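Working notes, structure below.
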Amino acid sequence: MRRGEGIRYKRGERILKGVSLLIHRRSVVAVIGPNGSGKSTLGMVMAGLWRPHKGFVEADGEDPLGKVYVAFQDGRLLDLSVKEYLELVGEIDLLPRLGVNKVLDKKCKRLSLGRKKRVHLQAAFSSRHPYVVLDEPESGIDSLRDVKLTIEELRRRKGVLLITHEPSLMRLADKVFRLFNGKLQKYEEDSEGKDVIREGDTLSDTVYRGAVFRGFRAISGTGLP
Amino acid sequence: MYAMEPRTHVFVRSFIISLSATLIAFSTGAPLGFLIGLKEFRLKPVIVSILNGLMGIPTVVRGLLLYLMFSRYGPLGFLGLLYTPTAIIIGEALLVFPIVSSLSLSLVERNKEVRELIQMIGLRGHQAYSMLIRELRVPLIASFFTAFSRAITELGIALIVGGNIEGYTRTITTAIALYTSMGLIDESIKLGLSLLFLIFFLSALARVLEARYYAEGRRDTV
């Protein structure tokens with residue numbers, strides 16, 4: 001599992017104002033929110049790529065760098081062949097559905113955005129990283145079904161932070177949070193399918209439930225920045 | 001009439017001198033730029049402005065300073081380097097060093113996405129550096145051409161510390177300066193044109209390489 005708690009990330013203005021998030025292995029946590037609410041920032045902070053202004057992030061009690069695979073929204077890849085890239089991040093254990101076998105010998109840079117994002121999903125699955133951040137995996141990929149089935153596969157072996165706008169992907173998640181005004185809110189649908197947002201209900205209660213965490217987490221202090 | 005050294009000799013000598021200078025500056029300046037670009041520290045803006053400031057020093061002033069260093073009673077006079085090709089190489093290396101470091105520094109900073117990707121994968125230390133260099137090789141080569149162009153078109157240093165000695169330290173630019181003042185306009189124009197062609201060619205090549213690299217980059221971020 002992995003968790004993030006009370007992270008604050010500041011760039012110009014504060015984007016994340018005390019976010020706590022804990023993600024267990026073999027679970028999917030979705031974060032939704034309006035454009036510019038800081039969803040991608042949260043993903044970057046959780047992966048250890050952007051350092052939070054306050055608070056901390058860890059994966060299995062260690063630095064998350066190299067433990068959290070990020071399937072970047074912009075589909076960026078290295079200037080290697082797809083095969084070389086997959087070997088660099090882990091092993092070659094292909095999900096036939098993603099169709100990466102057809103482009104194994106191609107250069108990553110030469111692929112279309114959709115194919116790049118498929119390579120990222122494949123790499124998220126077969127990499128050695130125990131945790132995954134999927135940043136809007138649905139954008140650019142023609143088949144939503146392929147994305148859904150990949151997320152189901154990922155759930156069996158990894159802890160997944162899913163950043164999305166797509167309602168049908170949200171439903172795959174074990175928990176859904178809405179990032180709004182720099183805070184995480186629990187997000188649920190009532191029996192009639194109407195959105196219910198519980199204001200101010202962050203994850204801190206969940207985070208502190210166990211004594212020792214094997215997982216991915218981020219914690220911030222409560223003082224002023 | 002006085003027999004001039006063949007143009008090709010002057011050209012080849014200039015080429016060798018400037019290439020050596022660029023190689024020296026590149027092998028030290030590029031790693032420095034990378035290092036500064038990759039680390040975050042408080043004095044970083046100061047170092048960046050020093051590097052930028054160094055680029056602005058006129059070549060004649062650099063030449064003068066080096067002359068004072070290398071002249072017989074100067075601090076480095078014992079090396080006996082004044083009026084040698086080595087002195088020009090040192091001077092031109094110092095000239096392009098800040099250019100190379102600034103270019104590679106901004107290259108690293110412009111390509112934050114690549115750094116993040118390498119970090120995310122979990123590459124560390126030596127592996128991370130070589131992957132970064134591999135990713136940025138095309139714009140790095142372009143900055144090498146830019147630096148070389150600057151070195152070979154420079155006059156002040158070559159004239160002052162090289163001494164424009166025929167068959168020994170005469171370069172394209174010092175030859176043009178001399179021939180023009182001697183009234184050998186014909187020869188000057190020929191040398192000038194060949195230098196221009198070389199520079200246009202190199203700068204076009206550098207721009208094409210960079211444009212291709214960043215065009216690919218843009219396609220990544222649709």
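In what follows, chains are A, B, ... by sequence order, proteins preceding strands, each numbered from 1. Worth saying up front: this structure is predicted, and the values here are computed from it rather than measured.
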Other residues, nucleotides, ligands: >12 heavy atoms within 6.0 Å of B/Tyr67 OH: no
Should we say atom CZ of B/Arg115 is surrounded by more than 12 heavy atoms from elsewhere, each under 6.0 Å from it? yes
All heavy atoms of A/His129 vs all of B/Met120, minimum pair found to be NE2-O, 3.0 Å
Ignoring hydrogens, what is the shortest heavy-atom contact between B/Leu117 and A/Leu78? Give both atom names and the distance. CD2-N, 3.6 Å
Minimal heavy-atom distance between B/Arg124 and A/Asp63, with the atoms involved, is NH2-OD2, 4.2 Å
Over 12 non-hydrogen atoms of neighbours within 6.0 angstrom of CZ in A/Arg145: no
For A/Lys102, I'd like to know if atom NZ has over 12 heavy atoms of other residues, nucleotides or ligands within 6.0 Å. no
Kindly compute the distance separating OH (A/Tyr69) from CD1 (B/Ile121), expressed to the nearest 0.5 Å. 6.5 Å
For residues 87-97 of chain A against chain B, heavy atoms under 4.5 Å, the residues are A/Leu88, A/Val89
Crowding at CZ, B/Phe197 (>12 non-hydrogen neighbours, <6.0 Å): no
Contacts with chain A made by residues 126-142 of chain B (heavy-atom distance under 4.5 Å), listed by residue number: B/Met131, B/Arg134, B/Glu135, B/Arg137
Could you check if a side-chain atom of B/Glu116 sits within less than 4.5 angstrom of a side-chain atom of A/Trp50, using non-hydrogen atoms only? yes
A/Lys107, NZ atom: more than 12 neighbouring heavy atoms under 6.0 Å: yes
